[in-house]
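This structure is a prediction, so every number in the text was calculated from the model and none was measured. A, B, ... follow the sequence lines: proteins, then strands. Residue 1 opens every chain.
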2 protein chains.
Amino acid sequence: MSFQKTAKAISDPTRREILNLLKAGPMTAGDIGEHFKTTGATMSHHLSILKEAELITDERKGKYIYYELNMTVLDEILTWMTSLRG
Amino acid sequence: MSFQKTAKAISDPTRREILNLLKAGPMTAGDIGEHFKTTGATMSHHLSILKEAELITDERKGKYIYYELNMTVLDEILTWMTSLRG
DNA sequence: AATACGTTTAGATAAGCATCTAAATAAGTA
DNA sequence: TACTTATTTAGATGCTTATCTAAACGTATT
């Protein structure tokens, strides 16, 4: 819920791309990973940072874990930015 | 002008505080630095990153260099975020 | 229970970054 | 010109982070 975590989370291009992918709807970690040429471990790391920042949520369904966008946190940044513009 | 530079620039708390300070109007590097307990060198480093991201502009007036907010770049992030919310 | 599949965790490595001190540049002042 | 003040640049250091491989965990299937 901290601005710091949110800002750092979206400061990485891979993580921003993950968020863009999730716009289309929930996806499994594996499906997300297929869009990149990194290992599953690296993907898991990025997902955990996005989760820690509460930008995504996860839900296990049997073998798979589905990740989903949770945009409520972005309001914090939006507010900060618009206040900066006065 | 890149999203990457903008996002990284605002991912540091000191730099966000600098931007908040500049909301009140242009300030010299020295005056900005007085609000923090870092050295002038560190402050200069942060200012150069904000400048590189085009979040601020600088103008020399005699001995002093004045820094000023330039919020036009934030539109890029605002657009990205609102598009994420659908 | 044994094996396979999806995902995470542990540990290592290399690159990046914030910070410092010391030295350099730039501009005003005596 | 010498000296002071404002700011940046150079180089070093320690912390953080993105990435990898290998191993562990969780769940389903045979």
Side-chain angles (χ1 to χ4, degrees), chain A residues 2-22 24-70 73 77, chain B residues 2-22 24-70 73 77:
Chain A
S2 83
F3 196 115
Q4 183 62 20
K5 280 183 182 172
T6 313
K8 282 209 173 166
I10 67 171
S11 80
D12 179 90
T14 300
R15 291 194 287 266
R16 283 197 305 277
E17 190 58 30
I18 292 173
L19 295 177
N20 277 327
L21 282 174
L22 291 178
M27 292 174 71
T28 69
D31 285 347
I32 295 170
E34 279 177 9
H35 289 79
F36 305 89
K37 53 176 190 179
T38 71
T39 64
T42 298
M43 198 48 49
S44 182
H45 170 246
H46 284 308
L47 289 170
S48 83
I49 286 176
L50 288 169
K51 205 172 99 181
E52 180 81 11
E54 297 181 63
L55 285 164
I56 60 176
T57 58
D58 62 340
E59 183 187 1
R60 171 152 238 150
K61 279 186 184 168
K63 264 206 302 197
Y64 302 90
I65 299 177
Y66 285 83
Y67 284 94
E68 183 167 9
L69 264 186
N70 173 30
V73 211
I77 293 203
Chain B
S2 83
F3 196 116
Q4 184 59 22
K5 281 183 181 173
T6 313
K8 284 213 171 163
I10 66 170
S11 80
D12 180 89
T14 301
R15 290 195 288 267
R16 283 199 303 279
E17 190 58 31
I18 292 173
L19 295 177
N20 276 328
L21 281 174
L22 291 178
M27 292 174 72
T28 68
D31 285 346
I32 295 170
E34 278 177 11
H35 289 78
F36 305 89
K37 52 176 190 178
T38 70
T39 64
T42 297
M43 199 47 50
S44 182
H45 170 246
H46 285 307
L47 290 170
S48 83
I49 286 176
L50 289 170
K51 204 172 101 181
E52 179 81 12
E54 298 181 62
L55 285 163
I56 59 176
T57 58
D58 63 339
E59 183 188 2
R60 172 150 238 149
K61 279 184 183 170
K63 262 205 306 196
Y64 303 90
I65 299 179
Y66 285 84
Y67 285 93
E68 183 168 9
L69 263 187
N70 172 30
V73 212
I77 293 204

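- Taking atom NZ of residue A/K37 and atom C1' of nucleotide D/dA18, one finds them 14 Å apart after rounding to whole Å.
- Nucleic acid contact for A/A41: base, since at least one base atom lies under 4.0 Å from a heavy atom of the residue.
- At the heavy-atom level, A/H45 lies under 4.0 Å from base atoms of the strands shown.
- Summarising the geometry, the separation between CD on B/E59 and C1' on C/dA27 is reported as 15 Å, rounded to the nearest angstrom.
- Residue contacts shown for B/T39 include a base, since a base heavy atom lies under 4.0 Å away.
- In this structure the side chain of B/E54 never reaches within 4.5 angstrom of the side chain of B/K5, judged on heavy atoms.
- Contact annotation for A/G40: base contact, defined as any heavy-atom pair under 4.0 Å involving a base atom.
- At the heavy-atom level, A/S48 lies nowhere under 4.0 Å from the strands shown.
- Heavy-atom distances to DNA chain D give each of A/S11 and B/T28 a nearest nucleotide, and the one nearer the 5′ end belongs to B/T28.
- Nucleotide C/dA26 holds its P atom 11 Å from the CD1 atom of B/I65, rounded to whole Å.
- Nearest to the side chain of B/R15, among D/dT7, C/dA18, C/dG16, sits C/dA18.
- Nucleic acid contact class of B/I49 (heavy atoms, under 4.0 Å, all strands): sugar-phosphate only.
- Remark: side-chain polar atoms of B/R15 are not paired, donor with acceptor, to backbone N or O of B/I10 under 3.5 angstrom.
- No side-chain donor-acceptor contact under 3.5 Å links B/H45 to the backbone of B/A41.
- Between the CZ atom of B/F36 and the C1' atom of D/dT7 there is a distance of 17 Å, given to the nearest Å.
- Of all non-hydrogen atoms in B/D12 and B/T14, the two that sit nearest each other are OD2-N, 2.9 Å.
- Just one of B/L69, B/L21, B/I18 meets the side-chain contact (heavy atoms from CB on, under 4.5 Å) condition when paired with B/M27; it is B/L21.
- Of all the heavy atoms in A/Q4 and B/P13, the pair that sits closest is OE1-CD, 3.4 Å.
- Rounded to an integer number of Å, the gap from B/R60 CZ to D/dT7 C1' is 7 Å.
- Looking at the side chain of B/K63, the nearest of the listed nucleotides D/dT5, C/dT19, D/dA18 is D/dT5.
- Among the atoms of the strands shown, base atoms are found under 4.0 Å from some heavy atom of B/T42.
- Regarding B/Q4, its CD atom lies at a distance of 10 Å from the P atom of D/dA18, rounded to whole Å.
- Comparing C/dG16, D/dT8, C/dT8 by their nearest atom to the side chain of B/Y67 picks out D/dT8.
- Minimum atom distance to the side chain of A/T14 is reached by D/dT19, of the listed D/dT7, D/dT19, C/dC20.
- The CD1-C1' distance, from B/I32 to D/dT8, rounds to 14 Å in whole Å.
- Nucleotide D/dT17 holds its C1' atom 9 Å from the NE2 atom of A/H46, rounded to whole Å.
- Residue contacts shown for A/G30 are limited to sugar-phosphate atoms, with no base heavy atom under 4.0 Å away.
- Across C/dG6, D/dT9, D/dC20, the shortest atom-to-atom separation from the side chain of A/Y64 is found for C/dG6.
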